[in-house]
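Below is one structure, written out as structure tokens; comments come after it.
Owing to the predicted nature of the structure, the values given are computational and were not obtained by experimental measurement.
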Amino acid sequence: MNDVLSNIGYKNADWSWISERVIRVQDQDGPVALKQWQRSAEEREHFLHHLRYAERAGMQGIIPLKPVRGDTPMFESARHVYYFEPWIEEPTVTSSREKELKLLAVLAGNHKISEDEEEMQEEEWFAYKQEVQHTWHQEQLMMNRLADQCEQSRFLSPFELTFLQGYPFFENMFKDMRQGFQTWARQVQEKGVRRFAFCHGFPTLDHGLISADGNAYFTNWETSGPGHLAFDLACFYRDLSRRQPFHALDSKRLYETYEAYGPSWSEADTGLLKALMLTPRPILDFADTYAREPYRYAEHQWTAMLAAKVSHLRYLRQMIQWKEKQEAAMKGS
């Protein structure tokens, strides 16, 4: 890393790894964040194009890249691509509740600024539905295969028993996903258009920062681009589900914050959010890893992690059920 920094004028600079691909570098004007990234030239261009668009549109929470050589914000060294961002130090007193609501407000505001619609051709729509259904079919085959492997064991391990006990719940999640997707699909087919917005792509609390002045920022915009706003929300809510137990008031605060700052929201949007949030795929991937590499962790560790993942999915289901009850009550009134 010393060679990499020396080549761009940071000779003898103090630096330290903060995460797997983030390095804190002490600049003469203060610390900066050096991000390591391994992507194709086309992906890099898309990233820069999306950032330029976001800045021109006046979107919030954008951390501008710091030019390295002239106007070039990226440089390549040792088979990796790097770029600099100003370093934002989070106050240690920031509560997780305050942070998540501020980040959600930024996400919502950006969706509102960039919201638009595009026509959906019949052939394109048919191909998309076929792709979604094929993916679900493959995931259900995977779930059945894993269940069969568990049942073939002479003595069920605690992990296998936990997975089999959750099997009916996973099946119900696939049914709920289909129902949600069909609700959204009917609206798209009736209108002939689908809505989209500029999405972060992977919004999580780890990718969010609250500065000392209270402003909220997102980092890691590499996967940003146009998409339905439910994709960002599903990612954000899934991340929250892994961090704390569910309470009805949490859902109320989250949904009200988004709707206060974001674009209009419909039952069809809730349907797509439901389809994206309730996927048991992370659990299936985890169970598949257990089947292939059973000695990576101790049995009790495997089992505890699986139980936690099932709990996270139940949290998300409760979030969606709360939203659907609110919408049904509004329709009834």
Side-chain angles (χ1 to χ4, degrees), residues 120 124-153 156-189 194 199 201-204 223 227-242 246 268-294 296-297 302-321 323-324:
M120 192 81 167
E124 181 186 4
W125 178 239
F126 178 77
Y128 179 67
K129 288 198 296 185
Q130 290 289 100
E131 179 185 354
V132 171
Q133 291 168 358
H134 175 73
T135 299
W136 287 344
H137 178 67
Q138 294 300 311
E139 289 176 350
Q140 286 191 288
L141 288 177
M142 180 183 183
M143 182 175 68
N144 293 334
R145 172 178 60 80
L146 291 167
D148 288 342
Q149 289 177 352
C150 292
E151 290 175 339
Q152 289 171 8
S153 299
L156 291 177
S157 70
F159 182 95
E160 292 168 333
L161 183 60
T162 302
F163 182 81
L164 291 175
Q165 287 174 337
Y167 185 91
F169 174 62
F170 307 151
E171 279 194 318
N172 286 333
M173 291 304 93
F174 276 115
K175 292 177 183 177
D176 286 350
M177 288 168 62
R178 284 195 177 88
Q179 186 269 329
F181 183 80
Q182 289 166 358
T183 299
W184 175 71
R186 279 195 298 270
Q187 186 194 64
V188 174
Q189 287 183 297
R194 61 178 174 182
C199 294
F202 195 30
T204 64
T223 55
H228 193 284
L229 37 88
F231 286 91
D232 264 357
L233 284 182
C235 179
F236 192 73
Y237 293 156
R238 283 198 302 265
D239 183 57
L240 296 188
S241 75
R242 294 190 288 267
F246 172 83
D269 297 320
T270 300
L272 182 57
L273 182 64
K274 181 177 184 176
L276 296 169
M277 280 174 60
L278 301 188
T279 173
R281 182 59 189 261
I283 294 174
L284 303 182
D285 288 338
F286 188 70
D288 186 56
T289 303
Y290 170 84
R292 291 183 289 103
E293 305 175 48
R296 179 188 288 190
Y297 304 107
W302 279 112
T303 306
M305 287 187 284
L306 175 61
K309 290 180 182 295
V310 175
S311 177
H312 302 157
L313 188 56
R314 293 187 187 279
Y315 170 100
L316 293 171
R317 189 190 193 191
Q318 288 178 300
M319 280 191 68
I320 285 292
Q321 288 176 333
K323 181 63 174 171
E324 289 179 325

List the steps and the verdict of side-chain contact (heavy atoms from CB on, under 4.5 Å) for Phe181 and Met177. CA-CA 6 Å; Phe181 183 80; Met177 288 168 62; over 6 Å; no

CG/Leu313 to OG1/Thr279 distance, rounded to the nearest 0.5 angstrom? 8.0 Å

Looking at OH of Tyr237 and NZ of Lys323, how far apart are the two atoms once the value is rounded to the nearest 0.5 Å? 8.5 Å

How about Phe163 and Phe170: are their ring centres within less than 6.0 Å of each other? yes

Less than 4.5 Å apart, any side-chain heavy atom of Glu139 and any of Met143? no

Please step through side-chain contact (heavy atoms from CB on, under 4.5 Å) for the pair Phe169 and Arg317, ending with a clear verdict. CA-CA 11 Å; Phe169 174 62; Arg317 189 190 193 191; 3.8 Å; yes

Check the angle between the aromatic planes of Trp302 and Phe159 and answer parallel, tilted or perpendicular using the 30° and 60° thresholds. perpendicular

Please tell me if the side chains of Gln165 and Val310 come closer than 4.5 Å, counting only heavy atoms from C-beta onward. no

Between CH2 on residue Trp184 and CG on residue Leu273, distance to nearest 0.5 Å: 12.5 Å

Given His137 and Gln140, is the side-chain contact (heavy atoms from CB on, under 4.5 Å) satisfied, shown in steps? CA-CA 5 Å; His137 178 67; Gln140 286 191 288; 5.6 Å; no

What closest approach, in Å, do Ala275 and Gly180 show between heavy atoms, and which atom pair accounts for it? CB-C, 4.5 Å

State, yes or no, whether a side-chain contact exists between Glu160 and Glu151 at a heavy-atom distance under 4.5 Å. no

Looking only at heavy atoms, the pair that brings Gly271 and Thr183 closest together is CA-CB, 4.5 Å

In this structure, OG of Ser241 is separated from CE of Met277 (nearest 0.5 Å) by 7.5 Å

Check Leu146 against Ala287 and note the closest heavy-atom contact, atom names and distance. CD1-CB, 3.9 Å

Please walk me through it: do Arg145 and Asp288 pass side-chain contact (heavy atoms from CB on, under 4.5 Å)? CA-CA 9 Å; Arg145 172 178 60 80; Asp288 186 56; 3.2 Å; yes

Keeping Asp176 on the side-chain end and Leu278 on the backbone end, is there a donor-acceptor pair under 3.5 Å? no

The reported gap from CD in Gln149 to CG in Asn144 (rounded to nearest 0.5 angstrom) is 11.5 Å

If only atom types and distance count, is the side chain of Arg238 paired as donor or acceptor with the main-chain N or O of Leu276 below 3.5 Å? yes

I'd like to know whether Arg194 forms a salt bridge (Lys or Arg N to Asp or Glu O under 4.0 Å) with Glu124, so could you lay out the CA-CA distance, the side-chain angles of the two residues, the decisive distance to 0.1 Å, and finally the verdict. CA-CA 12 Å; Arg194 61 178 174 182; Glu124 181 186 4; 3.2 Å; yes

Are the side chain of Thr289 and the backbone of Asp285 linked by a donor-acceptor contact shorter than 3.5 Å? yes

Within the structure provided, determine whether Leu316 and His312 are in side-chain contact (heavy-atom separation under 4.5 Å). no

May I ask you to decide if Pro158's main-chain N or O and Thr162's side chain share a donor-acceptor pair within less than 3.5 Å? yes

For residues Gly227 and Cys199, report the shortest heavy-atom separation together with the two atoms involved. O-SG, 3.3 Å

Asn172 and Tyr167: side-chain donor and acceptor closer than 3.5 Å? no

Calculate, to the nearest 0.5 Å, the distance between atoms NE2 and CG belonging to His228 and Leu233 respectively. 9.5 Å

Please check if any side-chain donor atom of Ser157 sits under 3.5 Å from a side-chain acceptor atom of Tyr290, or the reverse. yes

